[in-house]
Each structure stands twice: as C-alpha cells, then as structure tokens.
Number of protein chains: 2
Amino acid sequence: MELSERKKKLLAAIVERYIATGEPVGSKTLVESLDMAVSSATVRNEMAELSNMGLLEQPHTSAGRIPSELGYRYYVDRLMGQYELSPNEKRLMEAKLATSAGDVQKVLETAGSLLSEMTRCAAVSTTPADEAAVVRRVELVPIGTRTAMIVMLTSSGILKSRVCKTFGEITVDMAESFYNIVNANFIGKPAAAMHIAKIQTLAVSLGEKSLDMTPLLVALADVAAMTEHTELLLEGQSNLLSYKEYAGNAFELIEFLRHSELLGQIFSGYANSGKHAPQVLIGQENRFRELQNSSMIFDNYEIAGRESGTLGLIGPTRMDYARLIPSLRYLTEIVGKMLSDTVEE
Amino acid sequence: MELSERKKKLLAAIVERYIATGEPVGSKTLVESLDMAVSSATVRNEMAELSNMGLLEQPHTSAGRIPSELGYRYYVDRLMGQYELSPNEKRLMEAKLATSAGDVQKVLETAGSLLSEMTRCAAVSTTPADEAAVVRRVELVPIGTRTAMIVMLTSSGILKSRVCKTFGEITVDMAESFYNIVNANFIGKPAAAMHIAKIQTLAVSLGEKSLDMTPLLVALADVAAMTEHTELLLEGQSNLLSYKEYAGNAFELIEFLRHSELLGQIFSGYANSGKHAPQVLIGQENRFRELQNSSMIFDNYEIAGRESGTLGLIGPTRMDYARLIPSLRYLTEIVGKMLSDTVEE
DNA sequence: TGTTAGCACTCTAAGTGTATGAGTGCTAAC
DNA sequence: GTTAGCACTCATACACTTAGAGTGCTAACA
C-alpha cells in the first residue's frame, strides 16, 4: 500500500497528535498545526481516503479521526522518525545500570525500573535462558550454628541463594560431605540433574549421616529449581493506572501481568527466534484478550553473541513508538554488554 | 457514650451490612434482615438518634444510612465480635510461612503476601528494627575469578548480600586481608560503623593493596547500609484496585504507598510504643491525606520478647474489621515466633 | 411512654427533549 | 486538483420529568 507524500505527512501528523493528546484529530486543527498550504476541505478529502483504506477510524460521525491499528502499523513500519537518545540520557542509563554490575537479576531489575520510569509503561524482562546452562559453582556459607546459606551460580550467570536450617549443628564434616556430593554429582551438569528424586537416592546412600544432610540437600534442590526456569520480572505496572484508556479495566490488565506465565511464552518464543530488532505488537496483534487494547515492544538482549533473554514494554496502543523503540533498543544493547561481561569469566 | 442494647444491635447490623454490600442501609431492609419485633418506623427513630450522635451519616436525604468514622470506631471498640480463625486456616498460614524459615526478609514477604491474599487489602511489613543490633557475621563468597559475593548477618537476623566485581583476580591473600579488616573493625559493632568514610581511611592504611581491596570494601559499606535501616515491604497493592471506593483515585493511593517512607514513620513510631495489640486507624484518624478514605490495622511482632517490627493492612474504611483484626493478630504472633527462632542462635 | 401506621417530603437515578458545536461529506465553482 | 459553502450527524451539556427508595413527622394506639 503506497501513499502519496501528502497522505503520509497527514497520517504521521494524526498519529503523533493523537499519541500526544489522546483526543481525536479534526481536519481544522490539523491544517493549523501543520500550517499546510491547503485548506481543511482538502485535508478532509485526504482523511476520508485514509479512512477508506482502513488507516484511520472515527469514534463517531462528528468526531475527528484516530489511527486504526493498521494506521499505527503503517506509521511504525514506514513513517516514524527515530528519536535519538541524547548522550546525557545514555550516560544516565549506563550509570544506573553499573550499580548492579555483577548480578544478572539485579541488572535486569534495574533495567526494568529504568525503562518503566522513562516510558511510563510497564516493563518486563526475562532472565537469560540457556538450555545448555550448567551448574558452575555451589557454595555452602555458614550463617549460624544451625543455619547455612546455599549459593549457586550457573554458566549463564544466574546466581541464586537460599537459607536453610538443619536439625543439628553444621560440622566441618558435613560441609565436606556436602561439597563432595556437589562436586561429584552436579558441577558441570545442568541444574535439572539436581532433581528431588536424585537428592533422595543420594540421601539414602549417605546412611546415618542422611538425617543431618537432608535439609541441606533439599535446599540445594530448591536452589537448583530456582535457577532452572527463566523468570519474568515486572516493573512499573502502576504506571498504567494513569492512562485514561485503562480507566476501569486497569485491574484486569495488572492481574494478567501479575499472574501470567503466558506472557513469558511470547517472550521466550521470540527469544528463540534469533531475531534481533525491536518487535512491535499493536493491539489485536497480541494473542491475549487482556492485551488487545495495548501494545507491546520487545527486544532480545545478547549475551556473548547469543540471544538470551528479552526486555519488553507494555502500554496503551497510543504509546509513543518513536521514542520508546529506540530507548528499548539502546537499553537491550547495553544490558547485553553488561551481562556478557558478568557471565564471561 | 452508652447506647441502649437495641441501638447497639442496630449499629452493629448497619456496620456489618454496609461492610458486606457497600450500599447504604435503609430502615426497611434492616428490619427484614434482623427480623426484629419492631416496625421500620421505630427503627427509623433509632437511626435518627444514632445520626444525631454522629455514629451514622446519610449520603443524601433519601438514601439509607452508612456508618460515620465515629460509628466504625464505636463498632470496633465495643460491638464487634471476634472472628475465630479455623484450625485449618491456622495450619495453612503456618505451613506457608515455614517454607521461608531462616530468612527474616523472606518470612516477612511471605507473611505479607499471605495477608494480602486473605484480606484483599494491601499488606505492609517492616523488617526488625534494633538500635542495639550489631554485625554478627560477614562472609566473602567467591563466585568467579573477579567476582565475589559479600554476605552480612546482624544480631537482629537481617541477612543481606551483594555481588561485587574487582579489578584483578581475588587472591587468597586478599580474602585474608578482608577477613582481618572485618574481624578487627566491624564484628560485634553496629553496622553504622561501616560507613564509607571509615572504609576510606581503612583503604588508605592498606597501602599498595588498596587498589585491589577497594571494590570489596565499598561493597561491604553498601551491604552494611542495607542492613542498617528498617525496610518497608509492600504486598498486594493491586487488591485495592478492585474496590469501588477507590475508583479513580487508586493511582494516587498506590503511588503514595510505593514512594512513601512516611508510612514507615507511623509504623516505627508504633513499634517503639511498646504496645502489643492490633491498632486500628479509621479514615481521618490517619495523618496522611492520601489515607483519609482508608483504614489501617497494624500490630507489632515480638522477637525474643521485644517489639521489633510491624505488620499492617491498608484498605477501604469499609473493611471487615471483625475478620481482619484477628487474622493480623494471629499472623504477627506466629511471625514473631518464627523470627525469634531464626535470630536466637 | 414507647410503638406504630400513614403520609408528605426529599433526593437520586434514569429517561426524555433540546440546543450547541465540532466535524464531516458532498457539490458546484474555480 | 483545490476550495468555499452548506446540509448533515452526533456527542455533550443542560433542563425537565418521573419512579422509587427512604426519610421525618404526626397522630393514634397499647
């Protein structure tokens, strides 16, 4: 579908104005704001044609036009200018992220809250997924006489810990057994190897030590389970409350975000696609009913050259694509760099 | 203010019915639902008197009555029956909490999400405050060649960790220096001793080792700062969205909860008061404008016989006090027990 | 003296009617 | 291809009406 230059200009102006104000745009205001060399009547003709093509729609006969989903799509694909982040903004983002360096989860949390602040949208991120990930390191950190913390690091950089309590005192002997078991059975293997069934057979083989060791091993399995699945981190859902398009059904959307692992499916599906460019889903292009009045933008971050996880934004269809897409793109880029640096060694 | 038995019965019925339905209660429905031996005219007379006393109010002339804040207060102080938690509910709460045993923060998070689920209110909790708390233990856990995790435990049971990256490899020598510094300067002292200024003078005294050690020491100061202040944990804010009394201004309230350390003041003020019984603040009894259409219930939990922190609920004035107060009371009790057990050793 | 029936009164919510104005589509002239 | 002009549509605002719920008051009753 090829449009005349003038139609393109008008469509872009309508989309941008509607994004900015949330009010339907009429022919008169449009002519004024663009100070075009034609009259409002001409613009009306053009707008009527854009409507016929399905790029604009009218809430009611005597209202101005608003972009249809197709209109947004055309705008995003062909018309939109890309907002350039200022060096200042870039520096700020990097500085904020740097405070979390070394901790994958924290980097992603920080990225999420940065995104949600910058965009007034909800931000989503997934922790790196890597089916080939293996347990790189396990540590047993004594905390008290009967309390210890188990720390696990995977080759994909995921770090998880958990506190556990034992029945009796934790002895040097126990710690030794623990490390022996871990080294012999788990280091270099996928976290899935540490399944509760495996732990049970191990416990049996320990004989009389078994009673003391069980809480440690159970906690170990627990930590392993935590590292195993990619996690979905959410930030800034409350931003959505401030949009009038969500008045009334904000609760529904926020509950959807809060519970849904379905959202994770979209993301991990995309992460595996190997694409690397921000993907935009507008309105009904979303598979889920709860998102059909919303748009999503998401993009994969790369760890050491490999698509690993996703950062995303969720907001009203009327979101500022021209600004948000470059912001997200830049952030995924530096998140990728930071995480590569973290995981690398 | 002493009321006749009949007035009490009526007031309680009005409060409870209004809590249940959210609709003003009229004389006719009231007589029916109570199947009283008097007519609606008599009830009207009584209701008029209750209005005069300021215990009831009318949204408008031809509507039924709703409780005034004074009415709720009277109900809470004198009329309310206490709902008994079933053994089943108790068992469920305990079982859920038990999964977090050993980790103060996690226990409180779990308690918060339990509370918010049970009550459809927002739940707040504060981590234990203890001016006499000292650093009990610090561990340096190697994670990679240039990455380490610093773990700190205080005598009040707060456990915090942070990952940090160093410039060069972490050597056994460095670890030794680290532990020497920690043992000599910090163990047994308040976390505040680990201030960044102190860290700096230490770094200077290290001479040439200083460059390598600095990131570790900075991270140490950082972890110390984390343990130092009581934290405010929030759960279930999104529950509030489902109440019609918040339609429209839910955003304001949720933003208030999200940002406000002011809320912490109320809590810590109460925590220091030494009281131990659920405290109820109804509507305007709250100091903050954002909470004046809401009620709060909060109660201190005791660690080893000492008031240490607070659990609280925030919801619409029209909340089910008779059910929520006992629930909160019971939860603070078992949280206290669990935390005492955690901190004790 | 407390209780009750009855009735006039008040006020909201919902529905109807009307004016206003923004914005359109169409047509005829440029 | 562009424009001015005009009839048309529809949301919004406002005034008005009606029905119904609930009240307060009064006079009669036990």
Spacing of CG belonging to A/L281 relative to CG belonging to A/N286, to within rounding of 0.5 Å: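 Going from CG on A/L281 over to CG on A/N286, the span is 5.0 Å.
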Spacing of B/L3 atom CG and B/L50 atom CG [to the nearest 0.5 Å]: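 Output value for this atom pair is 6.5 Å.
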Could you give the [atom1]-to-[atom2] distance, from [X] to [N], as a whole number of Å?
X     : N      : atom1 : atom2 : value
B/R65 : D/dG22 : CZ    : C1'   : 9 Å
A/K28 : D/dT3  : NZ    : P     : 16 Å
B/N45 : D/dG22 : CG    : P     : 17 Å

SB check B/E46 B/K8 (cutoff 4.0 Å):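 Result for this pair is no, no salt bridge flagged.
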Distances for protein N or O near nucleotides 18-21 of chain D N or O, under 3.5 Å:
none

Sugar-phosphate, base or nothing in reach of A/S27, heavy atoms under 4.0 Å: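 Result for A/S27 = sugar-phosphate.
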Touch class at under 4.0 angstrom, heavy-atom based, for A/T42 against every strand present: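 A/T42: base contact, heavy atoms under 4.0 Å.
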5' precedence on DNA chain C between B/S40 and B/H60 (nearest-nucleotide basis):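 The residue whose closest nucleotide sits nearer the 5' end is B/S40.
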Along DNA chain C (nearest heavy atom to each residue), the more 5'-positioned of B/R44 and B/R6: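 Nearer the 5' end of the strand: B/R6.
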Closest contact, heavy atoms only, B/K244 versus B/T21: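 Scanning both residues, the minimum pair turns out to be NZ-O, 3.8 Å.
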Bounds of contact between DNA chain C and chain A, in 5' to 3' order, using a heavy-atom cut-off under 4.0 Å: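 On DNA chain C, the outermost contacted nucleotides are C/dA22 to C/dG25.
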B/V25 vs B/L56, side chain to side chain contact (heavy atoms under 4.5 Å, CB included): CA-CA, chis, key distance, verdict: CA-CA 10 Å; B/V25 187; B/L56 296 179; over 6 Å; no
Nearest-nucleotide pick for A/V38, side chain only, options being D/dT2, D/dT3, D/dT9: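 Closest nucleotide among those given: D/dT3.
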A/L30 vs A/R65 side-chain heavy atoms within contact, under 4.5 Å: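 With C-beta onward as the side chain, the pair stays apart.
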A/R120 charged N/C atom sitting above A/Y243 aromatic ring, 6.0 Å / 45°: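 So A/R120 does make the cation-pi contact.
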Steps toward side chain to side chain donor-acceptor pair (under 3.5 Å) verdict (B/S295, B/Y72): CA-CA 10 Å; B/S295 284; B/Y72 284 119; over 6 Å; no
Phosphate OP1/OP2 of D/dT9 contacted by A/T61 side-chain N/O (<4.0 Å):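 Negative; the distance criterion is not met.
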Any strand: nucleotide that pairs with C/dT27 via Watson-Crick or wobble, under 3.5 Å: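 D/dA4 - that is the nucleotide pairing with C/dT27, both distances being under 3.5 Å.
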B/V31 and B/S39: CA distance, side-chain angles, deciding distance, side chain to side chain contact (heavy atoms under 4.5 Å, CB included) verdict: CA-CA 7 Å; B/V31 175; B/S39 77; over 6 Å; no
